[in-house]
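All residue numbers refer to positions in the sequence shown, counting from 1. Both ligands and their constituent atoms are indexed starting at 1 by order of listing.
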Amino acid sequence: MSQVVRTRMAPSPTGELHVGSMAMLLKNYAWAKRNNGKFILRIEDTDKVREVPGSLEEIKKVILDYGLDWDEGPDRGGDFGPYIQSERLEIYKEKALELVNNGKAYYCFCTKERLEQVREEQKANKQAPKYDKHCRHLSAEEALSRRKAGESYVIRLKVPENKTVVIDDLLRGDIEINSDQVDDQVLQKSDGFPTYHLAVVIDDYLMKISHIMRGEEWISSAPKHVLLYEAFGWEKPVFAHIPIFLNPDGKGKMSKRKGTVSSRSFLERGYLPEALLNFFMILGWAKEDQEEVMTLAEYVEAFDPKDMSSKSVAFDMKKLDWLNGVYIRKLSMEELKEKVAPFLPAEFPTQKLDKILPLISKRLVTLLDINELTKFFYIDETPETKLLLKRSDEAGVIDQLEKTIELLSSIEDWQTESIEKVMRSIQEKHDWHRGQFFMMIRLAVTGRKATPPLFETMDVLGKEKVLARLKKAIAQIS
Ligand code: GLU
């Protein structure tokens, strides 16, 4: 590719970064890296009403927390800055004026009330709501005198009439639309701020963006953007409108109503960034013979937006869980220890972590699972009495418990092997039903049916706790 590849992500600081945006960011990142190009982060903050304080910082942080980064943008600089739109207002004003002066845009003085009235009439006539081009033919003199008189105005694009607008989309081929369907959109608002459409086109051009990969929800804006490139006489970038995720159940676009969608929330639930990135890689994209588990470097090597599916895919939580397990299993115990640390509650017996972790690590789906899987090590959980008595009766179980307590009390060096020896010998000696006996002990000692191996667990729990719990079980059933 002779052209320098420059891609971008252009989030608005209106809240947390959606997982769909992170997945999109990954594609833009990978394509830039694959071509030795640059990935740019631009902040689109011209809509001050919708801005949420702190979200810019959070967006930057979560990108880094996912293990990604940007080459140009806030905190990184670059030759095409500033990269925050609210710091570029003069540029937009100058460019909007350029369009007016070239007869490609015009001043519009229509009041809100008038626009409202037009819309009502169109609605009554079952027409699509559109600006009726009332001010399109005002003379330059009239526009000037009205502006001088202090009338409020916006600048609108003079959309050419009856012209075929072609969006050449990498995933969908040519999308054609007649310009008569496109509104004479506002480019500059009455407060002097640019609209998204004006700012995005100017910035993508001035920042020399070669490929725009964004969510398919922007397709409807693309004709407006194409018309703007043409009005300026600028060469267009490559467009790729990428399908957005559907809810995990495959119904409807992924939305808050069906669960959390912010990129941060997945980290907070204990998904590893590597697993999340890998998941985003394979959702809706595959090269021939591509393994599902791959590193970022392998993805960068292989990714081509052309290979993306143009169909939406569900955010398949089962696959994400599976991948997370794969990545957790790749960690050394030391690494895992570090990663689970933030998920441990204050009351967790940290001095026992080295022994507990190997016992449960295979069952972790997310890091957060450590909580549920290890609670019984430090919290007494009471099993149902009827479970303790399963396949036996009160007297029988109490007898088993008493004999076991007596024998375990005599163990001097409390460790897995000695515990196992004692437990097996007592079961054999009395010819107790093996399944019944060990399950009863497991329940009494942990409160649960499913736990890590029993003798290891008893070892880690410690003699005192094990004996106390066995005694508690006697009290419970007698
Ligand atoms: N600021 C837009 C957003 O919040 C960017 C859209 C685009 O990529 O053109 O997603």
Report task. Tell me, with the steps shown, if Trp70 and Phe39 meet ring pair (Phe, Tyr, Trp, His ring centres under 6.0 Å). Result -> CA-CA 5 Å; Trp70 54 100; Phe39 170 63; 8.0 Å; no
**Report entry** From the candidates His225, Arg8, His197, the one that places a heavy atom nearest atom 8 (O) of ligand 1
**Finding:**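 Of the listed residues, Arg8 has the closest heavy atom.
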As an exercise, identify every atom of ligand 1 less than 4.0 angstrom from a heavy atom of [X].
X: Val200; result: 9 (O)
X: Glu44; result: 1 (N), 2 (C), 5 (C)
X: Arg214; result: 7 (C), 8 (O), 9 (O)

Just need the protein heavy atom nearest to [atom], so name the residue and atom and give the distance.
atom: atom 4 (O) of ligand 1; answer: Ser12 OG, 3.2 Å
atom: atom 10 (O) of ligand 1; answer: Trp218 CZ2, 3.4 Å
atom: atom 9 (O) of ligand 1; answer: Tyr196 OH, 2.7 Å

**Report entry** Heavy-atom side-chain proximity of Leu283 to Lys319 below 4.5 angstrom
**Finding:**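 Not touching, per the 4.5 Å side-chain cut-off.
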Query raised in the report: Should Phe232 and Asn102 count as side-chain neighbours, where that means a heavy-atom distance under 4.5 Å?
Result: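 Phe232 vs Asn102: side chains apart.
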Query raised in the report: Would you call the rings of Phe266 and Tyr271 parallel, tilted or perpendicular, where under 30° means parallel and over 60° means perpendicular?
Result: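 Correct class here is tilted.
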Query raised in the report: Is any N or O atom of Pro11, backbone or side chain, closer than 3.5 Å to an N or O atom of ligand 1?
Result: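 N/O-N/O distance below 3.5 Å does not exist for this pair.
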Query raised in the report: How would you list, by chain and number, every residue that makes a side-chain contact (heavy atoms from CB on, under 4.5 Å) with Ser361, sequence neighbours excluded?
Result: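 Per chain and number, Ser361 pairs via side-chain contact (heavy atoms from CB on, under 4.5 Å) with Met333, Leu336.
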**Report entry** salt bridge (Lys or Arg N to Asp or Glu O under 4.0 Å) assessment of Asp184 paired with Arg136
**Finding:** CA-CA 9 Å; Asp184 273 7; Arg136 183 164 162 139; 3.0 Å; yes
